[in-house]
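Below: one structure, written as C-alpha cells.
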Amino acid sequence: MGNPGAEYAGTRHNIGADVVARLAARHGVALRALRAQRSLVAEAVVGGRRLALAFPQTYMNDSGLAVAPLVRRFGIEDLNMLVVVHDELDLPVGRIQVKAGGGLAGHNGLKSIKAHLHRDDFSRIRVGIGKPAGRQQGIDHVLGPPSKSERTELAVSVELAADAVECILSEGVVAAQNRFNG
C-alpha cells in the first residue's frame, strides 16, 4: 500500500509500494495501469507459481477500493495468499513482521481493505517505520521522508519484505512468520 503521485514517492507511508516495485524489478516485470482495478499491476512466475503484484492508485485510506476488485480479478479465494505490505509505526525502523489476519492496529488502509472484503484474514507484512520523534505528529512522520540513516535501514527492510512475500508464495505464511519474525 501507499499513496499515488510523485509527492509521496520515497515517504515512509509508501514502503509497501517500494516492496512491490522491488519485487517487479527482481522478476523483470513492469507495473502497468489497470484502470478497472485502480492499480498498477504486473504478473510474474516465481518458482513455478503465479505472483500478481499491485500498487493501488487510490490513496492509502481507500485501499480497499482497489484491493477488492484485484482479489476478484486474480481469483484469490484463500485470503492468506493476499499479502498486504504496509508501513507500521509500532515497529522500529528496519524490522518487519509477517502476520496472518488479526487486528488492524488503527491502520486506515487495512480498515478500508477489511471494509471492502468483509474479512480481515488476509496476510500482512508490516514494515517498521518507527514512531515520530519529539512533538512531530504521526501524519507528518508517515508522509515525510526518512532520514539518511533510516533510508539505509528501510532499504534493507524492503529487501527483507520482498523475501517474505516470496517465502509466503513458496512455503506459506507460517514458514514466513517463523523465518522473518525473529
Side-chain angles (χ1 to χ4, degrees), residues 1-34 37-44 46 51-67 70 74 81-99 104-105 107-110 112-113 122-133 136 138-170 173 176 179-181:
M1 289 191 296
N3 285 324
E7 67 269 29
Y8 297 106
T11 64
R12 293 175 185 90
H13 218 25
N14 274 33
I15 199 80
D18 294 342
V19 173
V20 169
R22 182 66 193 117
L23 283 161
R26 270 188 193 178
H27 299 289
V29 296
L31 295 164
R32 59 183 169 75
L34 286 181
Q37 276 71 42
R38 299 179 182 189
S39 299
L40 299 177
V41 177
E43 289 185 68
V46 179
L51 174 65
L53 300 168
F55 170 27
Q57 295 299 286
T58 58
Y59 287 92
M60 176 76 76
N61 294 351
D62 291 325
S63 294
L65 292 170
V67 172
L70 287 164
F74 292 106
M81 295 310 289
L82 169 63
V83 181
V84 177
V85 184
H86 65 89
D87 60 307
E88 181 57 60
L89 285 165
D90 290 332
L91 288 176
V93 175
R95 182 156 174 232
I96 72 163
Q97 182 184 57
V98 178
K99 190 174 176 193
L104 308 176
H107 196 291
N108 291 328
L110 295 176
S112 175
I113 292 170
F122 50 90
S123 298
R124 303 102 198 258
I125 298 177
R126 303 165 68 214
V127 181
I129 60 167
K131 294 198 182 274
Q136 185 181 32
I139 192 74
D140 295 329
H141 179 70
V142 299
L143 293 178
S147 68
K148 187 175 181 178
S149 64
E150 286 176 324
R151 279 194 303 271
T152 301
E153 289 180 87
L154 289 173
V156 172
S157 295
V158 166
E159 292 295 332
L160 286 172
D163 293 345
V165 169
E166 292 171 345
C167 182
I168 292 170
L169 182 66
S170 65
V173 176
R179 185 171 301 153
F180 293 95
N181 290 1

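The analysis underlying the following values was restricted to heavy atoms, covering all of them including side chains, and did not include hydrogens, waters or symmetry mates.
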Exercise for the section: Heavy atoms only: give me the nearest L154-G128 pair and the separation to one decimal. Expected result: CD2-O, 3.5 Å
Problem - V158 vs I15, side chain to side chain contact (heavy atoms under 4.5 Å, CB included): CA-CA, chis, key distance, verdict - result: CA-CA 7 Å; V158 166; I15 199 80; 3.6 Å; yes
Handout entry: Close side-chain approach of I96 to S157, heavy-atom, < 4.5 Å
Key = yes
Handout entry: Candidate pair E150 and R12, rule salt bridge (Lys or Arg N to Asp or Glu O under 4.0 Å), full reasoning
Key = CA-CA 10 Å; E150 286 176 324; R12 293 175 185 90; 2.7 Å; yes
Problem - Exercise: identify the closest heavy-atom pair between M60 and S63 - result: O-OG, 2.7 Å
Exercise for the section: I would like to know whether L143 and N3 meet side chain to side chain contact (heavy atoms under 4.5 Å, CB included); could you show each step before the answer? Expected result: CA-CA 9 Å; L143 293 178; N3 285 324; 3.7 Å; yes
Problem - Least distance between heavy atoms, R95 atom then N181 atom - result: NH2-O, 4.4 Å
Problem - Non-hydrogen atoms of V127 and V85 that approach each other most closely - result: CG2-CG1, 4.0 Å
Exercise for the section: Measure from the side-chain N and O atoms of R38 to the backbone N and O of Q57, and report whether any donor-acceptor pair falls under 3.5 Å. Expected result: no
Practice task
Look only at the side chain of S123 and the backbone of V83, and say whether a donor-acceptor pair between them is shorter than 3.5 Å.
Solution key: no
Problem - Any side-chain heavy-atom pair of H86 and H107 under 4.5 Å - result: yes
Exercise for the section: Determine, stepwise, if the pair L40 / R32 fulfils side chain to side chain contact (heavy atoms under 4.5 Å, CB included). Expected result: CA-CA 5 Å; L40 299 177; R32 59 183 169 75; over 6 Å; no
Problem - Separation of D62 CG from I113 CD1 (nearest 0.5 Å) - result: 11.0 Å
Fill in the blank from the handout: In terms of heavy-atom contacts, A42 and A30 come closest through CB-O, 3.4 Å
Handout entry: Donor-acceptor contact below 3.5 Å, side chain R124 vs main chain F122
Key = yes
Handout entry: D90 vs K131, salt bridge (Lys or Arg N to Asp or Glu O under 4.0 Å): CA-CA, chis, key distance, verdict
Key = CA-CA 7 Å; D90 290 332; K131 294 198 182 274; 2.7 Å; yes
Practice task
Would you mind reporting whether V20 and L31 have side-chain heavy atoms less than 4.5 Å apart?
Solution key: yes
Completion exercise
Of all heavy-atom pairs linking A164 and V98, the shortest is CB-CG2, 4.0 Å
Practice task
With rounding to the nearest 0.5 Å, note down the distance linking CD1 in I168 to CG in D163.
Solution key: 11.5 Å
Problem - Working for side chain to side chain contact (heavy atoms under 4.5 Å, CB included), residues V67 and L82 - result: CA-CA 9 Å; V67 172; L82 169 63; 3.9 Å; yes
Problem - Sidechain N-carboxylate O distance under 4.0 Å for R26, E159 - result: yes
Exercise for the section: For the residue pair L53 and V41, establish whether any side-chain heavy-atom pair is separated by less than 4.5 Å. Expected result: no
Fill in the blank from the handout: When rounded to the nearest 0.5 Å, the distance separating CG of N61 from CE of M1 is 9.0 Å
Practice task
Could you verify whether a donor N or O on one side chain and an acceptor N or O on the other, from E166 and H27, lie under 3.5 Å apart?
Solution key: yes
Problem - Gap between atom CD1 of I125 and atom SG of C167 - 0.5 Å precision - result: 9.0 Å
Problem - Spacing of T11 atom OG1 and D140 atom CG [to the nearest 0.5 Å] - result: 12.0 Å
